[in-house]
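Here is the naming used below: chain letters follow the sequence lines, and residue numbers restart at 1 for every chain. Being a predicted model, the structure only gives us computed values, none of them experimental. Reckoned from all heavy atoms, side chains included, excluding hydrogens, waters and symmetry mates.
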Amino acid sequence: MIAKVPAKSTRERIIPAVGFSILIPGLGHYLAGHKRDALLWFAACQITMVLGMILAGHTQSDYGFPIRIGDTTLLFAMIPECGNFLVTQIITRVYGSVELGGLVPTEIPWRHFGYLLSGISGVLGMFSAAHAAGLVLADHENVRSGQTAALVHPGKAALLTLLLPGLGHWVTGRRFKAMLLGSAILGLFFLGMALGDFADFDRQRHPYYWAGQMMLGAPAWLTSVLSSGVRFTRLMPFQDAGLLFTTSAGFFNVIAALDAFHRAEQDWLEAAPGGEKSSPEARSGVAR
Amino acid sequence: MKFEAVVMFALLLFFSLVLAAVLSCYREDEKRAIVRGTLRRAAVFYVSVCGFAAVAYMISVAFLMPSPT
């Protein structure tokens with residue numbers, strides 16, 4: 001099946017919507033003319049970021065690193081907070097980690113919750129870009145009258161995958177894929193958590209794995225809250241496999257979200273009289 | 001030791017199935033194609049990893065084990 005792609009004029013509008021959404025979540029929506037959505041995304045991402053930074057005493061910056069040329073710091077790389085790019089840069093430059101003042105992490109009682117909130121902010125920032133792109137597509141690729149209600153715009157499908165793996169496919173009518181992806185990804189995540197005695201969702205111990213785990217979305221965030229006080233009580237023989245499983249599940253969820261986005265986009269373009277057939281270069285990639 | 005090895009192979013099989021399912025769902029959109037793709041890709045991944053493990057094990061036994069004196 002030959003994939004359809006949005007018209008060139010739509011694609012040219014999608015690119016800035018994505019770029020500005022990563023820069024400041026909500027800005028892409030604002031420029032696309034969706035002011036209410038812009039305000040909601042901006043508030044959700046910035047409140048969680050600022051609150052998370054305060055609760056963790058800005059110790060998030062201990063898990064990132066500056067990218068320098070000579071003595072000049074250009075950027076501060078911190079995953080996944082960089083999904084909310086500009087505010088992350090500002091906060092890490094203005095505020096220093098309280099650990100530099102002599103505090104040890106255990107003296108910051110709400111640090112795990114703070115890490116979770118700032119991480120959620122970054123992940124939401126990335127997904128705000130997908131949501132903005134979906135809105136631009138829906139605005140500029142007019143579907144035949146009467147079909148709009150039956151379609152889900154791609155950004156919403158991606159966002160629902162973040163809420164529950166497979167949900168984005170479910171709302172587009174792909175029930176088998178939804179159940180397969182949902183059970184596979186959640187099964188992998190919870191088996192991984194069980195192998196680590198539910199004590200291995202910890203940024204302090206595994207900051208890079210933690211970034212991957214955060215990508216699983218709401219089920220992982222809830223698990224993180226519930227398991228924040230759990231500590232290892234015995235030697236876990238398959239702890240490493242568990243860590244690999246939980247992190248992989250997060251990355252698999254990103255693939256599921258991308259697929260939900262593109263399938264919903266195809267549905268939308270099939271219902272729209274416009275659109276373009278994909279180029280030979282595009283067709284030589286993933287067959288859809 | 002034997003029990004741990006069995007569990008490791010079972011975990012590898014489970015991971016292979018999940019990886020293959022996600023990849024097949026990304027590549028295909030029809031139920032039949034997804035199921036066939038999942039089984040094929042899981043088998044390829046599982047056998048490949050087991051193959052690498054076997055080669056690594058043989059190298060370790062043949063060359064890296066301290067020789068008895």
Next on the checklist: Does A/Tyr209 have more than 12 heavy atoms from other residues, nucleotides or ligands lying within 6.0 Å of its OH?
Outcome noted: no
Item to check | Residue part contacting chain A, namely of B/Leu17, when any heavy atom lies under 4.5 Å | outcome: neither
Item to check | Whether over 12 other heavy atoms sit under 6.0 Å from B/Arg32 CZ | outcome: no
Checklist entry - Above 12 or not: heavy atoms from other molecules or residues under 6.0 Å from CZ of A/Arg205? => result yes
Next on the checklist: Which heavy atom of A/Gly187 sits nearest to which heavy atom of B/Phe14, and what is that distance?
Outcome noted: C-CZ, 4.0 Å
Checklist entry - Where on A/Ala256 is there a heavy atom nearer than 4.5 Å to chain B: the side chain, the backbone, both, or neither? => result neither
Checklist entry - Is any side-chain heavy atom of B/Leu11 closer than 4.5 Å to a side-chain heavy atom of A/Leu191? => result yes
Checklist entry - How close do B/Tyr26 and A/Arg263 get, heavy atom to heavy atom, and via which atoms? => result O-NH2, 2.9 Å
Checklist entry - Once you round to the nearest 0.5 Å, how far does CG of B/Asp29 lie from CG of A/Asp267? => result 8.0 Å
Item to check | Rounded distance [0.5 Å steps], CD in B/Glu28 versus NZ in A/Lys177 | outcome: 8.5 Å
Item to check | A/Ser183 portion near chain B, given a 4.5 angstrom heavy-atom threshold | outcome: neither
Item to check | Check: B/Glu30 main-chain N/O paired with A/Arg174 side-chain donor or acceptor under 3.5 Å | outcome: no
Item to check | When A/Leu244, A/Leu180, A/Leu188 are compared by non-hydrogen pairs under 4.5 Å with chain B, the top option | outcome: A/Leu188
Item to check | Heavy-atom closest pair, residues B/Cys25 and A/Asp259 | outcome: O-OD2, 3.4 Å
Checklist entry - Side-chain contact, heavy-atom cut-off 4.5 Å: A/Phe245 with B/Val18? => result no
Checklist entry - Contact part of A/Phe176 toward chain B, heavy-atom cut-off under 4.5 Å: side chain, backbone, both or neither? => result side chain
